[in-house]
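Numbers restart at 1 for each chain; the letters A, B, ... are given by sequence-line order, proteins then strands. The structure displayed is predicted, hence computed values, not measured ones.
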Amino acid sequence: MAPVAPRSGDAIFASVERVNAELFTLTYGAIVRQLLTDLEEVEEVNKQLDQMGYNIGIRLIDEFLAKSNVARCVDFKETAEVIAKVGFKMFLGVTASVSNWDADGTCCSIVLEDNPLVDFVELPDTCQGLYYCNVLSGVIRGALEMVSMKTEVTWVRDMLRGDDAFELQVKLLKQVPEEYPYKDDE
Amino acid sequence: MGREVSESCVDSLLTEMVSSYCDRFYANKPDLAARRIEAIGFQVGLQLSERYTMERPRFSDHLEAIKFICKDFWSELFKKQIDNLKTNHRGTFVLQDNRFRWLARMSVDPSPENGDLSQDNPPAENKAAQATSMHLYFPCGIIRGALSNLGIPCAVTADISNLPACSFVVRIKA
Amino acid sequence: MAAIYSLYIINKSGGLIFYKDYGSAGRMDTNDSLRVASLWHSMHAISQQLSPVAGCSGIELLEADTFDLHCFQSLTGTKFFVVCEPGTQQMEALLKVIYELYTDYVLKNPFYEIEMPIRCELFDFNLSQTVQKDCVALLGR
Amino acid sequence: MIVCVAVVGHQNNPLYIQSFTEADDALKLHHIVHCSLDVVDERVNNPKKSGPTLNETFLGLLYPTENYKVYGYLTNTKVKFILVTTDLDVRDADVRNFFRRFHAAYVDAVSNPFHVPGKKITSRTFAERVSTIVKSFGLSSAG
Amino acid sequence: MANFLAQFHTIKNSSDHLVIAVEDVSDLWPIVKSEFEGRLPFKRASLNNKTRNSVSVENLTAEFILTTDSRLRSRFPLEQSLFWFREPYATVVLVTCEDLDEFRTILKPRLKLIVQNDEREWFIVFVSKAPPNNDQATKLAKKVYAKLEVEFSSKKRERCCKLDIQSPEANFWEDLESKIMESIRNTLDRRVQFYEDEIRKLSEQRLMPVWNFCNFFILKESLAFMFEMAHLFEDALREYDELELCYLETVNMTGKLRDFGGVDRGDDQAALLNPGSKPLTQIVQDDSFREFEFRQYLFSCQSKLLFKLKRAFEVASRGYSFIISFSKALALRESILPFCMREVWVITACLALINATASQYNDGPPDIEKEFYRLQGDLYSLCRVKFMRLAYLVGFGAEIERSPVNSALLSMLPWPKPAVWPLVPPDASSEVLVKEKIILQETPRVKHLGIQRKPLPLEPSLLLREANRRRASLSAGNMVEMFEGRPIFNDGSGSDASTKMSPSQKVRASSMSRTNSSPGGFESSIDRPMRLAEIYVAAEHALQHTISNTDLWKSLSSLEEYEKKYLELTKGAADNYHHSWWKRHGVVLDGEIAAVCFKHGNFDLAAKSYEKVCALYAGEGWQDLLAEVLPSLAECQKILNDQAGYLSSCVRLLSLDKGLFLTKEREAFQSEVLRLAHSEMKDPVPLDVSSLITFSGNPGPPLELCDGDPGTLSVTIWSGFPDDITLDSLSLTLMATYNGDEGVKALRCPSAIVLKPGRNIITLPLPPQKPGSYVLGVLTGQIGHLRFRSHSFSKGGPADSDDFMIYEKPTRPILKVFKPRALVDLTAAISSALLINEPQWVGIIVRPIDYSLKGAILHIDTGPGLKIEESHVIEMQSYVDLSQIAADMAKSDAAQKEGSLAVDKNFEQLRLHAGRIEFPNWANNVTSILWIPIRAISDGLARGSSSVSPLRQSIVDGMRTIALKLEFGVSHNQIFERTLAVHFTDPFQVSTRIADKCNDGTLLLQVMLQSEVKATLTINDAWLDLQDGFVHTTKGDGRPTSGFFPLVISPHSRAAILFSICLEMLNAEDEAKALRPESILNIKYGISGDRTTGAHPPVAVESPGPEGARQDLIFRSSLVLQRPVLDPCLAVGFLPLPSGGLRVGQLVSMEWRIERLKDFEENEVSKHNNEVLYEVGANSDNWMLAGRKRGHVSLSTKQGSRIVISILCMPLVAGYVRPPQLGLPEVDETNISCNPAGPHLVCVLPPALSSSFCIPA
């Protein structure tokens, strides 16, 4: 079958249903704040945000694939590029850049200059150690896991902590092969 | 034109928020979960009302404020207005949205196998209803937040006659 | 009107999560469909193993004298396949559309638990709409 | 020049008050702002006085004293902005423009998820934005 | 035209009402004058206003003037037109006439002559003197009047009216008035028309150079004045407004510098309410109007009209803005006006306005009223500011409270800018000294409670510098003038150059100049910078010149006077504000009043006002301002010895934002609190410190306790005190969340505690609580005599309002007390029986159910027939039963590490003290087993059973009980009681039967031994002591025939021993006295068992060693043998059972045949010999018997008579069971022969298989 050509991030973003970013931003903010109130421990909040992100990711990936028509990526490099250029654009309307590849191409940084999640946000001193955008790392982790890549996503830079950009380090742990559908005893 | 994000961002965020609160944090305390979700909505409503009432004269009475919610506020959020507004002129307003966006993707499955909600086990019907209502505490909170920020303390409840129609009942505290 | 006999959706672990029969000749009961699903799942996997060249993504089209079987597997491992009249066109496109419906109405339904059998009115509804649509509509895309 | 700007909550509590004079007499500005609330109340409580500008957010000049002018602005959410300036010939347009930008800044400040409604605004960004707005007061519409 | 001005002015002042001319043709005026003037002023009149709409005016004053009067003498036509407003508005022609001829010849022509000049509005009053009784005369008069009417009246205008002096008609006067009015109206209209035309003409050429405001003014004001005379005030006012407008325009338009005015003596007193204060001629000079006077003049005219219109409010509002704008104007001219003219003027203006309006105001609608009071307040406070400014200048500055309000008012108010700063008059040195003294004496106002704070400024810039700068600039300027052409000063354009110099430089410059100036003639203080005192004095003198109003000057003359005035003004402002919307203004000014009261030691009043102010600031959270007032309030309370108030003030001070006070200040507050707390207070003061001390449970899960356990609760307390503070006592209340009625419990902190600033963690002992979950309530405590309480939680506490529900967290339960539940379990380790009468180990399993048994104590109480072998120690060891092991495996390996393996090793020997055992620590959390050596005593001898004496043994007689009571829990508060049943038994159960009967009479007695225990028994020896009537066949010791010992019997199996015995011949009497009624079976046996499974070797033998070493136990059991029947008289035969065999649950009828073998003659066995009593006995748990078990059957005494007794029974258990036995109680057994004998045992088959009925495998 003639594979449908992959579409550019902007094209997709233009085509999908969109809503005011404020709603998204404020909602996320309110959630984070409520989590802080309920869970008290910043560490715990980071954990939960990541968890939420993961749960979102494992569902979102399919929509991404369906709407973007991206073919299976040949390698992790390509995957990262697709996430940065198409994924972020398609959902958040911003594009990220990929950099800091390590030698064997299993670890890179996704750098985000602009991030709708943090409009208006200022971290109070009581919340040092909070990874406000931790949901993002979760999403990436979850999504990649669904296409059988176990990854570890960590924050390297965070504008809310005074850095000049948001930088996520994505580390490919292992590429899980398609599990062979039947056991030996069959 | 302000910046935008894909709708599925909001959708999945809300879905996940609700399920986290109902299934993880307050798994078997639906009322607590509900309060939290409502609270989140409240804050959002508060801030949105602050934002969307810029550049407009102050409302002279409750009705004006409610109308604002129905028209401008709603269309900012959902790109559509409330379809029908009823009131008993004694502080109760019913805002009906015939196709409430946040329910648009929701199909409730009455069959008990539906494992989404971890309530004890009431009959599947109201089990499903409860699950859906969990998703409505957020918009209720938004409305309440917006109104109380406009100086109208009130209580907001939602009721779903048949998806995806949904009507919000605003009771203004005398 | 494309004569589609039936539609299957299989989750990545080979469980049948959706089955719809559009009037295939030999009706099958639930167990049959389950069996078909797991069987196809295995065959699909075996076909990948069999492939002499690396990077085979499994059977896409299986032609029998009485029917064609078009299969589409998403990168996340979910398989969609239709059984249809031999030589029916546009099945890949159809499958793509179904995939999108799946993402829109199944995955976005908060009550749907991933990997679980699909019970979503909205999905059924939109699905039947799409399938009713004749090939011209599909060509349009 | 603008000597003081303030945000006052719907319970008439100061949310943000910044004076642009030597710090030691900031207190008198607190006083001015606080007393100007009287006028705001007056305007709001018998609206017929504020005839044409009924329910307009911009309340105009609150105080016609010899030495300074106090302008007011009342948002839909019952939050008041007060501006104290010592230059005696001010164009209404400038003030309106000032308040509009100030309001925008305020809205963004309270959109910070960690801001507690009804509590003081501690945001640094807000402070910076305000000072730039104050600096550019009068210039914008002059050009 | 300006030269008319004087005239105009005088005219205007002279005439203030309308004039009506009286043309007295026939000298009637003296007669009618009084009545005519009696009509004045006209009650009501309807006139046309400027826009020609008729308005009705009241009490229109007017004056009748004879045309012959000098005032109406002819004037120049020009001025006539100019001052037209004063010309008559109507002309009344008074005539009378007796006969027609006279009329025709004299009167008519004359009248024609009079009325030809149509300028005037005229009408004729015909007066008839004819007496009413004189008909002839009256008729004539009528005739003449008729003629007159014909001549002068026309259709469109009725110009005549007739007055009978003798009998005036009622309607004459109305007629007259209406005619006058008509005339006035017409005249007015015409003149208005005229003036308007004139004015229009002028305004058209407004922009031409020739144009002259003066003319315009005269016309305009004439018009206005005319309106005023006609009581058309509205129109008059409009004219003045237009005039003012026009004036301001022209004044600002024409650039040429005019004389401003305001330099005359008395100008300092505002004249904005009395127009006549100055003649216009003074105001206007060479037809330019002096702004100063003229604007006041205009305003005064306006206000006059406004008052006439009863619009005092408008006067006030116009007045206020007028004052503001006018004061601006004054500011511009400050250099030419006297020193501080502006301030003085404003003061007087405000006061004048206040008095006038206040007196004139009569209440209007409420909102207007509020507004009015606000204006009054504004006027007062404006006045107040200026007054303070003056006071400052003359050196009362030190007395002025440096409060925010004063600072706000004064520090933004520029200093007066006179061209020359007044200099010290030559002879004022003494005054200077006085001021100096004052300055030196004046001590900086100390803040209370040792608060140091930079005092707020009251001056825009330092007075000293300001004044000297102005002097300097002047002096420099003078120099320039004085030393014309001197190069050094020629260059730098003098004044501003030197202003740039600092005073010191200035001094040098000037001194240097002095040296240069050859004639040192002009020695003055010009160039020397003035000292502050000098400035004061100078100002004072200058002011004295400025101020003409004596009492204003008086109030500046001395401090007391100043304060009097100051208070008056402040009060005035405050009170008025209180009546208006501007409450805050009012309250703040109250604060100012309070300050004065305070200074004068009127602390009560001061405190009251301060409280109001504090309440205002606190209520709206203006902490910075509050921080300014609160100390004063505190001070008052301190002085008034209002401890409660003072304390709460201190606490409030402490709870203000940290930034507002220095730490040492805050420490001072704290020390105050402590001082009071420990000082002698009449009664302990309760105090709310919620704002200062907050508390919450520690983060993390709540403390969990089991029902009835005490614990310790740790709580976080935040202290807002700047310093450590010692609380003598502290207690917190717990509130049950669910059951509200469940009251609150207070937890007391046992000892005094010290709170550090900030976060403290304290622990409270927690007595046992009812089940439920608890939250913290209020915190109360004591410092010295001070009882304080705090309700407020730290973050994590409940939300204050619903609006903030977002930040609401439900108050986290801090304590959970669980419902009562099993915390431990005690069970018997073994179910199987132990050996009776032997010391045995009984095992008790102690299983803690996730609850620690630390220090637990077990009370053991053995029931009857059981005693603990004190001699032996009790053993305790950890116990793992297999099921638990499985569970452990399932559990995470973490649990494994914790070591169930290690636990196994635990073993310990314990001693029993007074029936109590203390548990070792290792047993706290692990299941353990307790081995207690006991012995069950039973004195009864075991009984064997045989066909004749069936076994009847019940479970109970082997049963013993152990009552256990476990005390555990943190303070042994938990009790667990259980009574265990322990089962004891003999090793064997013995039953016998005759196995065989040999011909030689030898009987083989089979003794069956059923092992009753779960242990292997070894029989080493057994012998039988036979009862009388039996002997062993073999002359032996009664050992069994076949001696194959040791005989091993495995648990619950059975064995048998054979004895061969035979009957011993003996006669009846021996038989009668049978010594030994029963035989005794003796068994010597050993037991090898494990205590964990059941019976085991007695405790005495420690470990059961090798076979040999085992010491034997003896078991004795009695059994009864029975001699066979010798002379049977009854035979009982057991009829064969039905073939099919027996099945469980199937009815079967058992039958016995009874037959008489011989009659009863000789010895009567039974009374009723033809009846036999039978009884069927069966083991009830094997059989169910239906029908009569016992009863009489008749059996004839004949030999050979027989009957059959049958009874229905149902076997209940399968296997070999003893069948039911038929007994004949009344018949001696020896007389019964059993033939055929019934079977010992019958076989009962299990019930037939059926689906519904399943078989135990």
Side-chain angles (χ1 to χ4, degrees), chain B residues 1-5 9-10 13-14 17 20-21 36-74 76-77 138 141-154 172-173, chain D residues 7-13 15-16 40-41 43-60 72-81 93 95-119 121 123 126 129 133:
Chain B
M1 186 56 228
R3 81 195 287 174
E4 293 188 321
V5 296
C9 291
V10 176
L13 188 59
L14 293 184
M17 179 259 288
S20 314
Y21 267 95
R36 295 295 171 284
I37 295 169
E38 206 268 0
I40 294 174
F42 185 92
Q43 179 177 355
V44 176
L46 212 64
Q47 293 168 330
L48 284 179
S49 63
E50 203 65 73
R51 188 164 287 278
Y52 294 150
T53 54
M54 272 173 78
E55 313 273 326
R56 75 166 52 238
R58 295 192 304 281
F59 304 127
S60 51
D61 59 356
H62 290 172
L63 185 57
E64 262 189 50
I66 299 270
K67 283 205 182 121
F68 159 76
I69 297 289
C70 296
K71 294 198 167 61
D72 316 63
F73 194 79
W74 216 251
E76 286 281 2
L77 292 191
F138 183 70
I142 289 189
I143 297 177
R144 194 171 69 82
L147 284 176
S148 50
N149 198 24
L150 296 175
I152 306 176
C154 58
I172 293 172
K173 297 208 179 105
Chain D
V7 181
V8 181
H10 74 294
Q11 286 154 326
N12 288 330
N13 49 324
L15 298 184
Y16 175 85
V40 178
D41 290 354
R43 294 281 176 86
V44 175
N45 289 337
N46 42 357
K48 80 159 190 26
K49 274 188 77 274
S50 56
T53 71
L54 175 62
N55 289 343
E56 197 195 340
T57 49
F58 178 61
L59 297 177
Y73 184 96
L74 175 58
T75 73
N76 235 315
T77 57
K78 310 289 173 295
V79 176
K80 304 152 192 81
F81 303 150
V95 185
R96 287 176 181 276
N97 177 38
F98 167 86
F99 276 130
R100 199 167 59 253
R101 300 170 64 196
F102 190 81
H103 194 174
Y106 168 77
V107 167
D108 286 356
V110 296
S111 297
N112 175 4
F114 300 104
H115 167 72
V116 184
K119 298 276 177 291
I121 301 176
S123 155
F126 178 66
R129 258 177 92 175
I133 296 175

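- Only the backbone of D:Asn112 comes within contact range of chain B, with at least one heavy atom under 4.5 Å from a heavy atom of that chain.
- Residue D:Phe99 does not touch chain B at all, counting heavy-atom pairs closer than 4.5 Å.
- Not a single side-chain hydrogen bond (donor to acceptor under 3.5 Å, both in side chains) links D:Tyr16 to another residue, sequence neighbours left out.
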Full working for salt bridge (Lys or Arg N to Asp or Glu O under 4.0 Å) between B:Arg51 and D:Asp108: CA-CA 8 Å; B:Arg51 188 164 287 278; D:Asp108 286 356; 2.8 Å; yes

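- Ranked by heavy-atom pairs under 4.5 Å with chain B, the first of D:Val107, D:Asn76, D:Val110, D:Val79 is D:Asn76.
- A salt bridge is defined here as a Lys NZ or Arg NE, NH1 or NH2 lying under 4.0 Å from an Asp or Glu carboxylate O, and D:Arg96 with D:Glu56 meets this definition.
- Take B:Ser49 and apply the side-chain hydrogen bond (donor to acceptor under 3.5 Å, both in side chains) test, not counting sequence neighbours, and it matches B:Asn149.
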